[in-house]
Amino acid sequence: MFEKMFRLSQGKPIVYNGETIFRYDAINVNKHFSGIIKLNAASSVWRQGIKLKVDNFLIIDETKRNEMALWADYFKNDIPFYGETNNGLLYINNIWDTGNGVIESWYNGAAMKKKVLTFNHIRYFCNDGHPNDDFSDIVFEIVLDREPVMDRSKLPSCWYIE
């Protein structure tokens, strides 16, 4: 549904029904940052997920990578994360799997919108690759810690990955 509009904007955010929508978000973070990801809802015939990416690394559970995919069915509780970045950006977008095991995003009109709840708390509403304007396919929140966890003794033991 939004594919043509994003093509005309060269992938930049667009306004639809008075709201700004985008294919991905890039939020400013400190060089060292931490927070939690909260899953509010996932309602689509396709498996829904969230992708996070930085230019250095993220740590979630016992995994350390620069890019992470978190599927809605993985969430039992809020998921804490820690990261380090050189360019000060955390990239966020929604992903889905139509059943073939392939991570898909950014096409066929997929879009996101957000509501900034506080300076460190954002709720995202996402539309997957179905060509419609249903932004309830996955709804999640990113809550950044006001002060990133710098004292390693306060980090979960799985974050001691070098």
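Predicted model only: the values in this text are computed from it and were never measured.
- Val116 and Ile37 fall within a single hydrophobic cluster, where Ile, Leu, Val, Met, Phe, Trp and Tyr side chains are chained together by heavy-atom contacts under 4.5 Å.
- In this pair, Tyr124 and Phe22 present their aromatic rings perpendicular. The plane angle is above 60°, beyond the 30 to 60° band.
- No side-chain heavy atom of Met5 sits less than 4.5 Å from a side-chain heavy atom of Ile21.
- Put simply, NZ on Lys38 and CG on Asn77 are 11.0 Å apart, with the number rounded to the nearest 0.5 Å.
- Atom CD in Glu67 sits 9.5 Å away from atom CG in Leu58 (nearest 0.5 Å).
- Of all heavy-atom pairs spanning Phe81 and Ile60, the tightest one is CB-CG1, 3.6 Å.
- Distance alone, capped at 3.5 Å, is enough to place a donor-acceptor pair between the Asp137 side chain and the Asp128 backbone.
- When all heavy atoms of Ala111 and Phe6 are compared, the pair lying nearest together is CB-CE1, 3.9 Å.
- Note: Tyr91 and Tyr24 have tilted aromatic rings, judged against thresholds of 30 and 60 degrees for the angle between ring planes.
- The two residues Val139 and Phe135 come nearest to each other via the heavy atoms CG2-O, 4.0 Å.
- Closest approach of Ile95 to Ser105, counting heavy atoms only: CG2-CB, 4.0 Å.
- Of the inter-residue distances, the one linking Glu104 atom CD with Thr98 atom OG1 reads 4.5 Å to the nearest 0.5 angstrom.
- With no hydrogens or angles considered, a side-chain donor-acceptor pair links Asn40 and Glu141 at under 3.5 Å.
- When side chains are defined from C-beta on, Ile27 does not count as touching Phe33, because their heavy atoms never get closer than 4.5 Å.
- The environment of NZ in Lys53 is sparse: at most 12 heavy-atom neighbours from other residues, nucleotides or ligands sit within 6.0 Å.
- With hydrogens and angles left out, the side-chain atoms of His32 and Asn30 include no donor and acceptor closer than 3.5 Å.
- Scanning both residues, Asn87 and Asp55, for their nearest heavy atoms gives N-OD2, 2.9 Å.
- In the hydrophobic clustering of this structure, Ile122 does not group with Ile36; members are Ile, Leu, Val, Met, Phe, Trp, Tyr whose side-chain heavy atoms approach within less than 4.5 Å, directly or through other members.
- Within the 4.5 Å cutoff, no side-chain heavy atoms of Trp96 are placed close to those of Val45.
- No side-chain heavy atom of Leu70 sits less than 4.5 Å from a side-chain heavy atom of Phe140.
- A distance of 10.5 Å separates CD of Glu19 from NZ of Lys115, quoted to the nearest 0.5 Å.
- Glu3 and Arg23 are joined by a salt bridge, as a carboxylate oxygen and a charged side-chain nitrogen come within less than 4.0 angstrom of each other.
- In this structure a side-chain-to-backbone donor-acceptor pair under 3.5 Å is present from Gln48 to Trp46.
- Side chains of Lys51 and Asn94: no donor on one and acceptor on the other come within 3.5 Å.
- In the hydrophobic cluster analysis, where Ile, Leu, Val, Met, Phe, Trp and Tyr join through side-chain heavy atoms closer than 4.5 angstrom, Val143 is grouped apart from Leu52.
- A distance-only check finds a donor-acceptor pair linking the side chain of Asn127 to the backbone of Asn132 [under 3.5 Å].
- Shown here is Lys31, whose NZ atom has more than 12 heavy atoms of other residues, nucleotides or ligands within 6.0 Å.
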Worked check of side chain to side chain contact (heavy atoms under 4.5 Å, CB included) between Ile92 and Lys114: CA-CA 11 Å; Ile92 304 159; Lys114 69 182 177 181; over 6 Å; no
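- One finds the CD1 atom of Ile138 at 10.5 Å from the CZ atom of Arg47 (value rounded to the nearest 0.5 Å).
- Side-chain N or O atoms of Ser43 include one that pairs as donor or acceptor with a backbone N or O of Ser136 at under 3.5 Å.
- In this structure, CD1 on Ile14 lies 12.5 Å from NZ on Lys4, to the nearest 0.5 angstrom.
- Closest approach of Glu84 to Asn56, counting heavy atoms only: O-CB, 2.8 Å.
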